[in-house]
Amino acid sequence: MTDLVTWAELGGSLAAIGGAAYARHAHPAAYWSTVGLPVSVARLLASYTSTMDACGLTVEPPRWRALAVKATTRREVRPVPPRRGMIRPTSTGLRLRLRLAPGQEPADVAASAERLRHAWGVHAVYVRDVKPGVVELRLVGFDVLRKVRMPRRTDAGPLRVLVALREDATAFVRDYRAVPHELVLGATLSGKSMFLRNLLAGLAAQPVVLVGIDCKRGVELAPFAPRLSALATDPEQAAELLPVLVKEMEDRYDLIKARQGVAPGTPDELITSDVWGLPEDERPAPIVLFVDEVAELFLVATRKEEERRDEMVTQLIRLAQLGRAAGIYLEVCGQRFGAELGKGATMLRAQLTGRVCHRVNDEASAKMALGDIAPEAVLAACAIAAELPGLAVVGDTSGGWSRIRTPHLSLTDAAATCRETAHLAPDVPALAPFRPHVPPVPVKGSDPLATPQPITE
């Protein structure tokens with residue numbers, strides 16, 4: 001009987017272990033909430049002082065404290081770790097604040113992030129500077145980029161779109177007011193189209209003019225035609241559309257001049273204000289221009305096409321340099337974007353503040369996106385596996401960078417969002433000739449090939 005009980009207990013233990021291992025792999029969020037969180041908290045509380053000492057984050061106590069310890073307990077005075085705040089559990093990890101000792105800086109804690117990760121048994125540790133003398137540790141319990149679950153609370157607003165999830169479990173928000181223009185690079189099947197799809201679906205619900213240039217005959221942007229105010233599907237149409245956008249930008253500058261009393265002959269470059277300083281009833285709607293496969297605008301075969309290319313590149317550079325104050329923003333996408341494309345490519349890239357690099361085919365492509373702003377991010381971009389579409393490295397001209405992953409959004413759902421929000425498209429008369437034709441949606445259950453029969457008695 002005892003043997004039967006022992007075997008039953010052993011079988012139950014093995015089943016529990018197997019269930020926990022399965023949950024950790026298939027449902028990491030549930031495993032973290034039930035098993036990983038209590039274990040990590042226990043490790044942190046039990047080994048906090050020793051771990052900080054091993055990481056070199058302890059300091060000698062103040063002299064008055066050392067004298068008090070010797071006078072009262074006669075124990076050996078040991079170095080003290082940074083003072084720890086309250087541990088705050090989250091659905092993806094833990095957060096706690098540390099008050100640094102005199103002489104310490106956030107870089108000291110960041111340098112020990114990998115040691116803290118192993119000591120406390122979490123997936124990753126990130127350090128954020130909160131205020132002078134205080135840093136926040138964000139402990140992530142599992143790989144949040146393997147199966148993306150977007151945060152429920154989002155800091156949305158005008159021209160702010162929740163696009164992806166960062167590796168520290170925070171949301172990556174595309175803010176056009178803060179980063180006006182962006183370059184998105186990625187090889188085929190890297191997730192570049194998914195990033196663009198999430199952006200379009202997020203902007204569709206806002207009163208924003210959406211303009212597209214898709215030289216692949218519109219296969220990427222045509223499904224969103226109900227919400228687009230203009231669409232060019234080849235270089236010839238793009239050569240006609242870009243001058244209209246430049247003229248719209250100039251008209252908006254004239255509007256700013258008239259409102260602020262600036263002399264009519266003042267160059268556009270000397271106007272420091274923008275459309276957001278205008279009254280709301282006079283403010284024109286912002287314009288976001290999406291350029292898919294930008295290399296198609298640069299490739300030429302004849303002398304006539306070369307002249308057209310130079311004109312289009314010049315107009316794109318003007319929009320990138322002067323468009324922000326006029327409320328015109330660029331989202332440029334492609335597989336490669338370097339000097340080999342031709343004259344003006346490097347100058348245009350320099351105007352694109354934001355950079356998003358998906359999986360690329362060679363290191364040179366990653367350097368085109370990130371090499372001039374965050375050289376250490378190039379290696380991270382080259383390490384993206386083909387089995388993780390949507391994973392990218394995002395950076396900006398400040399030098400900061402992080403890994404993100406875009407959630408899956410089907411083309412059907414994105415197109416349905418654009419159809420439902422078609423009435424939100426602002427009216428821009430200058431773009432009316434370029435508005436894409438939207439065929440009527442067939443009634444469900446009807447046969448579009450059926451012909452009506454004559455009525456007979």
Side-chain angles (χ1 to χ4, degrees), residues 28-29 90-93 95 110 113 123-130 136 138-186 190-206 208 288 290 329-333 352-360 366 369-370 373-374 376-381 383-385 388-409 413-414 417:
T90 65
S91 60
T92 56
R95 287 188 299 172
H123 178 73
V125 175
Y126 300 95
V127 181
R128 183 174 68 92
D129 189 4
V130 177
E136 182 182 68
R138 181 181 291 271
L139 282 63
V140 180
F142 55 94
D143 187 2
V144 296
L145 299 184
R146 191 179 68 180
K147 186 177 180 181
V148 177
R149 296 176 60 186
M150 301 302 291
R152 295 181 180 179
R153 297 181 180 179
T154 59
D155 187 14
L159 289 174
R160 290 173 58 88
V161 182
L162 179 63
V163 183
L165 186 69
R166 295 183 186 269
E167 59 183 346
D168 61 353
T170 59
F172 171 68
V173 179
R174 176 71 174 96
D175 187 355
Y176 285 92
R177 296 285 300 275
V179 183
H181 314 303
E182 188 173 64
L183 174 64
V184 182
L185 290 187
S190 64
K192 184 172 75 275
S193 298
M194 191 67 65
F195 184 88
L196 191 65
R197 195 180 298 171
N198 278 269
L199 263 181
L200 278 164
L203 288 172
Q206 303 183 21
V208 179
V288 180
F290 293 90
Y329 309 97
L330 271 62
E331 199 76 29
V332 180
C333 307
L352 306 177
T353 306
R355 306 292 175 84
V356 178
C357 183
H358 294 79
R359 177 180 55 83
V360 290
L370 304 168
I373 61 171
E376 64 275 8
V378 175
L379 297 177
I384 297 176
L388 297 174
L391 187 64
V393 175
V394 60
D396 53 42
T397 52
S398 66
W401 64 276
S402 62
R403 295 179 183 86
I404 64 170
R405 193 176 187 188
T406 311
H408 176 75
L409 177 64
D413 294 340
T417 300

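- Contact between Leu145 and Val148 at its shortest, heavy atoms only, is O-CG2, 4.0 Å.
- Residues passing the salt bridge (charged side-chain N to carboxylate O under 4.0 Å, His left out) test with Arg128 are Glu136, sequence neighbours excluded.
- Atoms OG1 and OH, from Thr170 and Tyr126 in turn, are 9.5 Å apart once rounded to the nearest 0.5 Å.
- The heavy-atom pair separating Met150 from Ala164 by the smallest distance is CE-O, 3.3 Å.
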(request) Test side chain to side chain contact (heavy atoms under 4.5 Å, CB included) on Lys192 and Leu185 and set out the steps. (result) CA-CA 7 Å; Lys192 184 172 75 275; Leu185 290 187; 5.9 Å; no
(request) I would like to know whether Leu352 and Glu182 meet side chain to side chain contact (heavy atoms under 4.5 Å, CB included); could you show each step before the answer? (result) CA-CA 5 Å; Leu352 306 177; Glu182 188 173 64; over 6 Å; no
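- In this structure a side-chain-to-backbone donor-acceptor pair under 3.5 Å is present from Gln206 to Leu159.
- Figure legend: Arg174 and Tyr176 shown as a cation-pi pair, the cationic atom lying under 6.0 angstrom from the six-membered ring centre and within 45 degrees of its axis.
- Here the shortest heavy-atom pairing between Pro151 and Leu162 reads O-CD2, 4.4 Å.
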(message) Please determine whether side chain to side chain contact (heavy atoms under 4.5 Å, CB included) holds for the pair Met194 and Leu409, giving the CA-CA distance in whole Å, both sets of side-chain angles, and the decisive distance to 0.1 Å.
(response) CA-CA 7 Å; Met194 191 67 65; Leu409 177 64; 4.1 Å; yes
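- Looking at Glu331, its side chain never comes within 3.5 Å of a backbone N or O of Val184 through a donor-acceptor pair.
- No donor-acceptor pair under 3.5 Å is formed between the side chain of Arg405 and the backbone N or O of Gly390.
- Residues Val163 and Pro407 approach most closely at O-CD, 3.2 Å, considering heavy atoms.
- In this structure a side-chain-to-backbone donor-acceptor pair under 3.5 Å is missing from His181 to Tyr329.
- Closest non-hydrogen pair, Thr92 versus Ala169, comes out as OG1-CB, 3.3 Å.
- A donor-acceptor pair is defined here as one N or O able to donate and one able to accept, closer than 3.5 Å; no such pair exists between the side chain of Arg359 and the backbone of Ile384.
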(request) Step by step, work out the side chain to side chain contact (heavy atoms under 4.5 Å, CB included) result for Val140 and Glu167. (result) CA-CA 9 Å; Val140 180; Glu167 59 183 346; over 6 Å; no
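- Put simply, the side chain of Arg403 never gets that close to the backbone of Val394: no donor and acceptor are under 3.5 Å apart.
- Residues Cys333 and Leu196 come closest through the heavy atom pair SG-CD1, 3.9 Å.
- Once rounded to the nearest 0.5 Å, the distance linking CH2 of Trp401 with CZ of Arg355 reads 16.0 Å.
- For the atom pair Leu139 CG and Asp168 CG, the distance stands at 11.5 Å (nearest 0.5 Å).
- A distance of 11.0 Å separates CG of Leu183 from OG1 of Thr353, quoted to the nearest 0.5 Å.
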